[in-house]
Amino acid sequence: MSTIFTKIIQGEIPSYKVAENEDFYAFLDINPNAKGHTLVVPKKEVDKIFDLDEATYTGLMQFSYKIAKAIEKTIPCNRIGQLVVGLEVPHVHVHLIPLNEMSDIDFRKSVKLSDEEFKDIAKRISESL
Ligand code: AMP
């Protein structure tokens, strides 16, 4: 069975898309630690990051770099944090999180955003690429 992220990539489940290319897809986390929290996933469905082949791993980091730069231009913050956890969704994903304080990397923290706010953030990050 496909992962929820594969369903998002294939358009079966909606997402606030930021960018995509042939191999990777970036979209806003639906339960963000902070405004602008973005996930970057390889289209290839692999559970654990270090099970990716080296080229896909490197490509994922390069794509994440571009997205992080765009988030940095869009969301006022001290820096962008990058984390890979994967305990919830078994499909590799890089978290890019605008950070101001240590609690912003705590996944128990969540910021509530309206549909309009999600759309606006995704659009602004996308336009900063
Ligand atoms: P983890 O697997 O622990 O690295 O975290 C999975 C992340 O995916 C969490 O931050 C969730 O909020 C996020 N997530 C789960 N389902 C969706 C979805 N449908 N759209 C966007 N983000 C999601």
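If you're wondering where the values come from, they're calculated on a predicted model, not measured in any experiment. As the structure lists them, so they are numbered: ligands from 1, and atoms in each ligand from 1.
Ligand-side atoms of ligand 1 in range of His93: 1 (P), 2 (O), 4 (O), 5 (O), 6 (C), range being under 4.0 angstrom from any heavy atom. Interface atoms of ligand 1 facing Ile4, defined by a heavy-atom separation under 4.0 Å, are 19 (N). Taking a cut-off of under 4.0 Å to the non-hydrogen atoms of Asn31, the atoms of ligand 1 that pass are 12 (O).
Checked against a 3.5 angstrom limit, the closest N/O atoms of Asp29 and ligand 1 fall inside it.
Relative ring orientation between Phe107 and His37 is described as perpendicular, the plane-to-plane angle rising above 60° on a 0-90° scale split at 30° and 60°. Between Tyr25 and Phe27, the ring planes lie tilted relative to each other; the angle falls in the 30° to 60° range.
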### Message
Walk me through whether Asp23 and Lys44 qualify under salt bridge (Lys or Arg N to Asp or Glu O under 4.0 Å).
### Response
CA-CA 7 Å; Asp23 298 317; Lys44 196 181 285 183; over 6 Å; no
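Among Ile13, Ile30, Val41, the residue whose heavy atom sits closest to atom 17 (C) of ligand 1 is Ile30.
Contact between Ser15 and ligand 1 is absent, with no heavy atom of the residue lying under 4.0 Å from the ligand. Heavy atoms of Leu28 approach ligand 1 to within less than 4.0 angstrom. Heavy-atom separations between Phe5 and ligand 1 include at least one value shorter than 4.0 Å. For the ligand labelled ligand 1, residue Ile8 lies inside the 4.0 Å heavy-atom shell.
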